[in-house]
Amino acid sequence: MMRISRHDIPFISFFATSHSSSIRLYSSTHSNTKLGLNSNIENVKCLNDAVSLFHQMVRRKPLPHVVSFSKLFKTMQNMKHYSAVVSLFREMQKLGIPINGYILCNVINSYCLMHRVDCAFSVLPIYLKNAIPFDVVTFTTLIRGIFAENKVKDAVELFKKLVRDKICEPNEVMYATVMNGLSKRGHTEKTLSLLRLMEQGSTKPNIYIYSIVIDALCKDGNLDIAINLLNEMKQEGIPPDIVTYSSLIDGLCKLGQWEKVKTFFSEMVNLNIYPDVHTFNMVIDGLCKEGKVEDAEEVMNHMIEKGVDPNIITYNTIMDGYCLCGQLDRARRVFDSMVDKNIEPDIFSYNILINGYCKLKKVDEAMQLFCEISQKGSKPNIVTYNILLQGMFEVGRIGFAKKFFDEMLSTGPLPNLSTHSTLLNGYFKYGFVEEAMSLFNKLEIKTEDIDIAFYSVVINGLCKNGKLDEAHAIFQKLSFIGLLLDVRAYTIMINGFCLEGLFDEAKDILRKMEANGCFPDNVTYNVIVQGFLRCSKISEMTTFMKEMTGRGFSFDATTAELLVNVLRENPSVLDMIPELHSEKRK
DNA sequence: ATAGGGTTAG
């Protein structure tokens with residue numbers, strides 16, 4: 001039953017010998033004779049400092065104590081110089097300098113943070129060689145690293161093995177790590193059952209554990225269960241704190257349950273738990289997403305009155321809210337006011353504004369801001385380029401877009417999959433099918449992380465350019481290579497068939513997607529109905545109209561317009577749609 | 001253990 005991953009293999013072979021020795025083998029004769037080494041380590045400000053201090057240290061006689069080395073490593077890790085940690089560690093090994101468990105765990109963690117769990121596992125033999133026992137921290141670090149690579153199954157298998165074979169007793173931190181890893185990857189059910197397991201066992205859930213589960217439930221929109229759990233933890237004598245309440249408030253904001261948000265605000269304040277900048281930002285974000293940006297600004301003023309300072313997230317959220325409803329002048333105010341408050345706009349602030357301008361087709365203003373970025377000492381990133389590329393294609397400035405892309409290749413960040421999708425979409429939009437396909441063929445070979453969205457751009461582009469067969473061939477290839485089709489991909493293919501009047505094929509795809517557990521949404525139905533309307537197939541249109549209204553979907557603007565056009569040309573069609581007739585009488 | 005924000009496809 002248990003799948004042995006390549007990560008498990010080294011681990012399993014160590015287990016046989018690991019508990020035979022638990023004596024730490026570092027020499028106590030290597031003491032730190034020179035005072036001030038600790039302060040030297042504390043004064044390390046950059047990678048250079050760290051490396052040169054390390055080289056000083058290894059030349060000292062006697063050698064500094066192993067703890068000094070581990071402190072230096074810790075400092076380097078905090079500065080995120082993971083690969084440097086690894087190479088200095090290798091140097092220590094080569095020089096035969098004693099190490100301890102902290103250093104090894106540090107190396108493991110560095111590998112994990114570099115997304116190299118395979119290398120992290122290769123550190124385990126060094127524990128054995130030096131007779132350093134594994135502990136719960138080592139394994140927790142490894143589990144976190146496995147999760148970071150999204151290998152949920154492997155992480156869970158390791159955890160289960162540790163428990164089942166009694167290799168180490170999981171503590172609250174290990175449970176929290178596993179549960180956090182699971183919940184952040186959509187496995188709320190499993191997270192909840194681990195909580196229930198903990199309640200039965202000897203390591204009881206603490207406030208962190210409850211908060212992880214409550215947050216997961218809130219993110220899923222399961223507010224009722226989350227609130228039940230809140231009451232449960234209160235009964236267990238674990239009072240919720242600001243984090244717990246913030247998660248609940250965030251969930252309620254996202255559901256637009258503003259009355260309950262108010263209730264929880266008063267509940268927490270009554271318990272002397274005060275909302276912080278996180279809590280307020282969640283409320284502000286919820287309001288902005290509902291288009292209530294003015295209310296959001298009022299909340300910001302309220303938080304200032306309460307002595308909670310808005311941060312860059314607050315400002316960016318409100319700016320984005322204004323951009324989304326096209327109020328660029330307001331967004332620009334907000335932008336200026338953050339500068340007044342000595343909060344430097346970051347690349348996100350710029351991207352939000354640039355995107356706002358592009359969506360209003362004001363590409364020149366967007367470009368002006370783009371130029372401002374480097375003047376202000378910031379740097380455009382790949383998203384900045386992607387936003388502008390899309391904006392240029394949107395207004396038909398193809399030559400400009402190409403030039404901009406070339407400029408990016410020579411001086412800017414590396415293009416990513418979105419860049420290429422945007423480029424392909426632009427080419428197809430203006431009928432440059434050959435150019436698009438030659439780029440696609442090149443990319444398909446050399447790109448590792450091609451996703452369904454990228455293929456969808458190509459399928460859509462081929463369909464729109466009358467190349468249905470080619471599109472369908474790629475579409476069929478996708479399931480073959482094991483790429484999971486999503487509702488958009490299916491809808492694109494359905495639309496392709498509808499555009500050619502091939503309704504049997506379109507309906508076939510519709511059946512297939514449902515059979516594969518991918519359910520048609522509002523856009524899917526509108527695409528089909530539009531297809532029938534364009535061919536004046538009214539009775540079939542009516543069938544699907546009934547089906548979609550039965551599922552709670554409705555016509556979008558394009559569909560409505562098509563229907564009006566059909567009716568204008570042939571008013572008698574109305575008699576064929578009794579549903580619309582009765583609506584009209586009302 | 002909690003917050004945000006930008007890009008592509010129907």
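Side chains included, hydrogens not; waters and symmetry mates left out as well; all remaining heavy atoms used. First the proteins, then the strands, lettered A, B, ... as listed; each starts at 1.
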Practice task
Would you tell me whether A/Thr279 and A/Asp276 have side-chain atoms, one donor and one acceptor, within less than 3.5 Å of each other?
Solution key: yes

Handout entry: Distance test, side-chain N/O of A/Asn425 to OP1/OP2 of B/dT8, below 4.0 Å
Key = no

Practice task
Using the side chain to side chain donor-acceptor pair (under 3.5 Å) rule, take A/Tyr210 and A/Glu232 through it: C-alpha gap first, then chi angles, then the decisive distance, then the call.
Solution key: CA-CA 9 Å; A/Tyr210 276 110; A/Glu232 219 176 277; 4.7 Å; no

Fill in the blank from the handout: Of the listed B/dG10, B/dA1, B/dA3, the closest approach to the A/Asn281 side chain comes from B/dA3

Fill in the blank from the handout: Side-chain contact check for A/Lys289: nearest option of B/dG6, B/dG5, B/dG10 is B/dG5

Exercise for the section: With the side chain of A/His278 defined as its heavy atoms from C-beta on, choose the nearest nucleotide among B/dG4, B/dA3, B/dG6. Expected result: B/dA3

Practice task
Would you tell me if any nitrogen or oxygen in the side chain of A/Lys184 comes within less than 4.0 Å of OP1 or OP2 on B/dT2?
Solution key: yes

Exercise for the section: In whole angstrom, give the distance that lies between atom CG of A/Asn316 and atom P of B/dG6. Expected result: 10 Å

Problem - Heavy-atom donor-acceptor pair, A/Asn386 side-chain to B/dG6 base, under 3.5 Å - result: no

Exercise for the section: Among the candidates B/dG6, B/dT8, B/dG4, find the nucleotide nearest to the side-chain atoms of A/Ile387. Expected result: B/dG6

Handout entry: Out of B/dG6, B/dG4, B/dG10, whichever nucleotide has its closest atom nearest the side chain of A/Asp346
Key = B/dG4

Practice task
Look at the side-chain N and O atoms of A/Asn460 and state whether any lies under 4.0 Å from the OP1 or OP2 oxygen of B/dG10.
Solution key: yes

Completion exercise
Picking from B/dG4, B/dG10, B/dT7, the nucleotide nearest the side-chain atoms of A/Thr524 would be B/dG10

Practice task
Look at the aromatic rings of A/Phe280 and A/Phe265 and report parallel, tilted or perpendicular, splitting at 30° and 60°.
Solution key: tilted

Exercise for the section: Side chain of A/Asn495 only, please: which of B/dG10, B/dG6, B/dA3 is the nearest? Expected result: B/dG10

Practice task
Return the nearest nucleotide to the side chain of A/Val527; candidates are B/dG10, B/dG6, B/dA3.
Solution key: B/dG10

Problem - B/dA3 phosphate, OP1 or OP2, under 4.0 Å from A/Lys219 side-chain N/O - result: yes

Exercise for the section: Ignoring the backbone of A/Lys359, work out which of B/dA1, B/dT2, B/dT7 is nearest its side chain. Expected result: B/dT7

Handout entry: Mutual orientation of the aromatic rings belonging to A/Tyr525 and A/Phe544 [parallel < 30°, tilted 30-60°, perpendicular > 60°]
Key = tilted

Fill in the blank from the handout: When rounded to the nearest 0.5 Å, the distance separating OH of A/Tyr350 from OG1 of A/Thr384 is 11.0 Å

Exercise for the section: Taking only the side-chain heavy atoms of A/Phe348 (C-beta and beyond), determine which of B/dG5, B/dA3, B/dT7 contains the nearest atom. Expected result: B/dG5

